[in-house]
Chemist: 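First, the structure itself, so that you have it in front of you.
This is a predicted model, so every value here is computed, not measured. Keep in mind that the numbers below use all heavy atoms, side chains included, and drop hydrogens, waters and symmetry copies.
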Amino acid sequence: MKFRKITNEEVEVLDVTGKFRYVTDTVAVPESKSMSEKVNAMPLKPRQRPLKVAVLFSPLYANLRQKAAGVARYSRLYGPWEFSVVPRGLQDPFLPDVSQWRPDGVIGQNLTPAIIDRIVDAKIPIIVFEPTYEQRREEHPFHGSPTVRIDSEAIGQLAAQYFLERHFSHFAYVCEYDNIYWSDVREEAFSRVLHDYGYPCDVYHGHNLHENMVDRDSDLERWLMQLPKPVAILACNDHQGRRVLNSCLRTDISVPYQASVLGVDNDEFFCMTANPMLSSIGTEAEWGGYQGAKMLDLLLRGETTAEKDILYGPTETVSRQSTAVTTLADPFVIKALEFIRINNGCQIRVSDVIHHVNVSQRTLENHFQTLLGTSIMDQIKKVRNETILRLVRETDTPVKEIALQVGFETSIHLCSVFRKEFGMTISTYRRDLCEREGLFPLDKQ
């Protein structure tokens, strides 16, 4: 579902792909009739060499890589450009010695004071992504430079509506570190929507980036433990969302039953390696990078544009395990479901669940029937079948190996269960999937 922000200050516009984007303007016109047509229609003077552009994005996070990909895409269409791209840490971007390789322009984010001084001293044009509090001050040398930034207010609003639709009454927000502009804007928008509905919002402000990681995590764990449950938690990005999930694991806070956690950026590495997998709000970061490159190109050609502050918005919320809809509050059932989940419903019996929860089988079966309308064994089978389908769909693992992995003694038993549950054989399912989507070679049977 596409999110459309409607305010007096922001209007949605269509780009050349037909998708809705965000541009600070007062007239709703197709984007393809503004900046993109300026680039295409302007008389181009012959260049003696490719433009040299320093791209100062860390590769650590997916949204930064997506921005760099957007810059590269623009270069392929309207370049070519010669790039300086050196993989470094988030707080350690690399700018070449301008006496040896002088860029015509810079596109970057999270720039250190030393690099800012070098850019200013060399009078190199720059497109600033996600300007900080300091860079937004009038006395800062980057003040007035073209900027590209994510619509963090729209993200906060979208997240609040996502949780309100799931009927939560307790809410919390986890910031990045101290004094991060985009993180603070998300928190303010998230809290404001909740306040309008009559709900308070607890906020974890984080600490200094250079503080000991163990101390930071311990402080986060203490904060999570004192929150009222069940609680809906928006993390400012997927990295912090993963930290929240790890802290919940260490403090026996069951996700999604006691805490529902949502991140931002839909970074598949962080989301898919989290336990449980992290739900997240996707963004148009690549489109933002493309627009930043376009602004730099116009700037270097001497063109002027009223659009000096490009906003790119959220796309959709990808729901995964961390926000699975549930209203359970029974500690016995929650503990049992968590045990079944972490074992993928495989290689476990009802007796294992009973032993883990430490109650009588009759008591737990009664709780399951009352709250879920199912038995413990049926829940084990349900989760196990989901695991089987995932292995069949997303891998080319031979059927015999899948059978052993999920706890069947023979592949014949597995094939019988699969056909009963899904209405076809495993080989037919994989063949149809391969022909339809081309995901992987046919299974090795």
Chemist: So, the side chain of Ser183 versus the backbone of Glu176: is there a donor-acceptor pair under 3.5 Å, distance only?
Modeler: yes
Chemist: State, yes or no, whether a side-chain contact exists between Lys52 and Arg102 at a heavy-atom distance under 4.5 Å.
Modeler: no
Chemist: Crowded around Glu139 CD? As in, over 12 foreign heavy atoms under 6.0 Å?
Modeler: yes
Chemist: Between Ser75 (side chain only) and Val71 (backbone N and O only), is there a donor and an acceptor less than 3.5 Å apart?
Modeler: no
Chemist: Dump the intermediate steps for side chain to side chain contact (heavy atoms under 4.5 Å, CB included) on Arg320 and Met272, then the final yes or no.
Modeler: CA-CA 9 Å; Arg320 300 187 178 92; Met272 303 303 284; 3.5 Å; yes
Chemist: Ignoring hydrogens and geometry, is there a side-chain-to-backbone donor-acceptor pair from Gln135 to Thr132 under 3.5 Å?
Modeler: yes
Chemist: Taking the side chain as every heavy atom from C-beta outward, state whether Arg393 and Tyr429 have any atom pair closer than 4.5 Å.
Modeler: yes
Chemist: Enter the distance from Gln157:CD to Phe190:CZ here, rounded to the nearest 0.5 Å.
Modeler: 12.0 Å
Chemist: Could you give the distance from CZ (Arg222) to OG (Ser247), rounded to the nearest 0.5 Å?
Modeler: 11.0 Å
Chemist: Find the distance between CZ (Phe270) and CD (Gln240) and round it off to the nearest 0.5 Å.
Modeler: 9.5 Å
Chemist: Using a 3.5 Å distance criterion without hydrogens, assess whether the side chain of Glu394 forms a donor-acceptor pair with backbone atoms of Arg390.
Modeler: no
Chemist: Does a donor on one side chain and an acceptor on the other come within less than 3.5 Å for Asp184 and Tyr133?
Modeler: yes
Chemist: Under a 4.5 Å cut-off applied to non-hydrogen side-chain atoms, are Leu194 and Leu164 in contact?
Modeler: yes
Chemist: Quick test of your reading: applying ring-ring contact (aromatic ring centres under 6.0 Å, His included), list the pairs with at least one residue in residues 217-238, sequence neighbours left out, ordered by first then second residue.
Modeler: Tyr204-Trp223
Chemist: If you measure only the distance, is there a donor-acceptor pair under 3.5 Å linking the side chains of Tyr78 and Asp297?
Modeler: no
Chemist: Is the closest side-chain heavy-atom distance between Asn237 and Trp182 below 4.5 Å?
Modeler: yes
Chemist: Identify the two heavy atoms, one from Gly263 and one from Leu278, that lie closest to each other, and give their separation to 0.1 Å.
Modeler: N-CD1, 4.0 Å
Chemist: So, the side chain of Arg136 versus the backbone of Pro131: is there a donor-acceptor pair under 3.5 Å, distance only?
Modeler: no
Chemist: Between Asp267 and Asn63, is a side chain to side chain contact (heavy atoms under 4.5 Å, CB included) present by the stated rule, with each step listed?
Modeler: CA-CA 7 Å; Asp267 187 321; Asn63 78 88; 6.0 Å; no
Chemist: Can you pull out every salt bridge (charged side-chain N to carboxylate O under 4.0 Å, His left out) where at least one residue sits in residues 56-70? Sequence neighbours excluded, please.
Modeler: none
Chemist: Applying side chain to side chain contact (heavy atoms under 4.5 Å, CB included) to Ile124 and Val106, what does each step give before you reach the verdict?
Modeler: CA-CA 7 Å; Ile124 302 171; Val106 174; 3.7 Å; yes
Chemist: If we ignore hydrogens and angles and just use 3.5 Å, is the side chain of Ser322 paired with the main-chain N or O of Ser279 as donor and acceptor?
Modeler: yes
Chemist: Between Phe168 and Tyr199, does a ring-ring contact (aromatic ring centres under 6.0 Å, His included) hold up when you go through it step by step?
Modeler: CA-CA 10 Å; Phe168 282 92; Tyr199 297 110; over 10 Å; no
Chemist: Quick check against the 3.5 Å criterion: does Arg430 have a side-chain atom that pairs as donor or acceptor with the backbone of Thr395?
Modeler: yes
Chemist: List the residues meeting side chain to side chain donor-acceptor pair (under 3.5 Å) with Arg137, not counting sequence neighbours, and say none if there are none.
Modeler: none
Chemist: Taking salt bridge (charged side-chain N to carboxylate O under 4.0 Å, His left out) as the definition, give me every residue that meets it alongside Glu130, ordered by chain and number, with sequence neighbours left out.
Modeler: none
Chemist: Taking side chain to side chain contact (heavy atoms under 4.5 Å, CB included) as the criterion, tell me which of Leu224, Val231, Leu245, Val261 meets it with Ile253.
Modeler: Leu224
Chemist: Do Arg186 and Ile150 have side chains that approach each other closer than 4.5 Å (heavy atoms only, starting at C-beta)?
Modeler: yes
Chemist: Which heavy atom of Gln66 sits nearest to which heavy atom of Ala285, and what is that distance?
Modeler: OE1-CB, 3.3 Å
Chemist: Could you tell me which residues satisfy ring pair (Phe, Tyr, Trp, His ring centres under 6.0 Å) with Phe142, sequence neighbours excluded, listed by chain and number?
Modeler: His140
Chemist: Using residues 335-344 as the side-chain source, report each donor-acceptor pair under 3.5 Å to any protein atom, sequence neighbours left out, with the distance given to one decimal.
Modeler:
residue : atom : partner : partner atom : Å
Glu338  : OE1  : Arg341  : NE           : 3.3
Glu338  : OE2  : Arg341  : NH2          : 2.9
Arg341  : NH1  : Asn275  : OD1          : 3.0
Arg341  : NH2  : Asn275  : OD1          : 3.2
Asn343  : ND2  : Phe339  : O            : 2.8

Chemist: Using the side chain to side chain donor-acceptor pair (under 3.5 Å) criterion, which residues pair with Thr273? Sequence neighbours excluded.
Modeler: Arg242
Chemist: When you measure from the side chain of Ser280 to the backbone N and O of Asn266, does any donor-acceptor pair fall under 3.5 Å?
Modeler: yes
Chemist: Listed by chain and number, what are the side chain to side chain donor-acceptor pair (under 3.5 Å) partners of Asp330, not counting sequence neighbours?
Modeler: His367
Chemist: Can you sort out the partners of Tyr162 under side chain to side chain donor-acceptor pair (under 3.5 Å), two or more places apart, ordered by chain and number?
Modeler: Ser319, Thr323
Chemist: Going by salt bridge (charged side-chain N to carboxylate O under 4.0 Å, His left out), name the residues that satisfy it together with Glu221, two or more places apart in sequence or in a different chain.
Modeler: Arg250
Chemist: Is there a side-chain contact between Ile310 and Tyr290 in this structure, where contact means two heavy atoms from C-beta onward sitting under 4.5 Å apart?
Modeler: no
Chemist: Given Phe171 and Leu234, is the side chain to side chain contact (heavy atoms under 4.5 Å, CB included) satisfied, shown in steps?
Modeler: CA-CA 8 Å; Phe171 303 87; Leu234 172 62; over 6 Å; no
Chemist: Roughly how far, to the nearest 0.5 Å, is the NE2 atom of His239 from the SG atom of Cys271?
Modeler: 13.0 Å
Chemist: Sort and list the pairs that fulfil salt bridge (charged side-chain N to carboxylate O under 4.0 Å, His left out) and have at least one residue in residues 187-203, not counting sequence neighbours.
Modeler: Glu153-Arg192
Chemist: If you define the side chain from C-beta out and look only at heavy atoms, does anything of Ile426 sit under 4.5 Å from Val392?
Modeler: yes
Chemist: Does Asp121 pair with Arg118 as a salt bridge, N-O distance under 4.0 Å?
Modeler: no
Chemist: What closest approach, in Å, do Pro125 and Leu300 show between heavy atoms, and which atom pair accounts for it?
Modeler: CG-CD2, 3.8 Å
Chemist: Applying salt bridge (charged side-chain N to carboxylate O under 4.0 Å, His left out), name anything that partners Glu386, two or more places apart in sequence or on another chain.
Modeler: Lys382
Chemist: Are any side-chain N or O atoms of Asp151 and backbone N or O atoms of Leu311, one a donor and one an acceptor, separated by less than 3.5 Å?
Modeler: no
Chemist: Would you check if Leu111 and Val128 make a side-chain contact, meaning some heavy-atom pair closer than 4.5 Å?
Modeler: no
Chemist: Can a donor-acceptor pair be found, under 3.5 Å and without considering hydrogens, that links the side chain of Asp238 to the backbone of Val264?
Modeler: yes
Chemist: Supply the atom-to-atom distance His356 NE2 to Phe332 CZ, rounded to the nearest 0.5 angstrom.
Modeler: 12.0 Å
Chemist: Measuring from Leu227:CG to His170:NE2, what's the distance to the nearest 0.5 Å?
Modeler: 10.0 Å
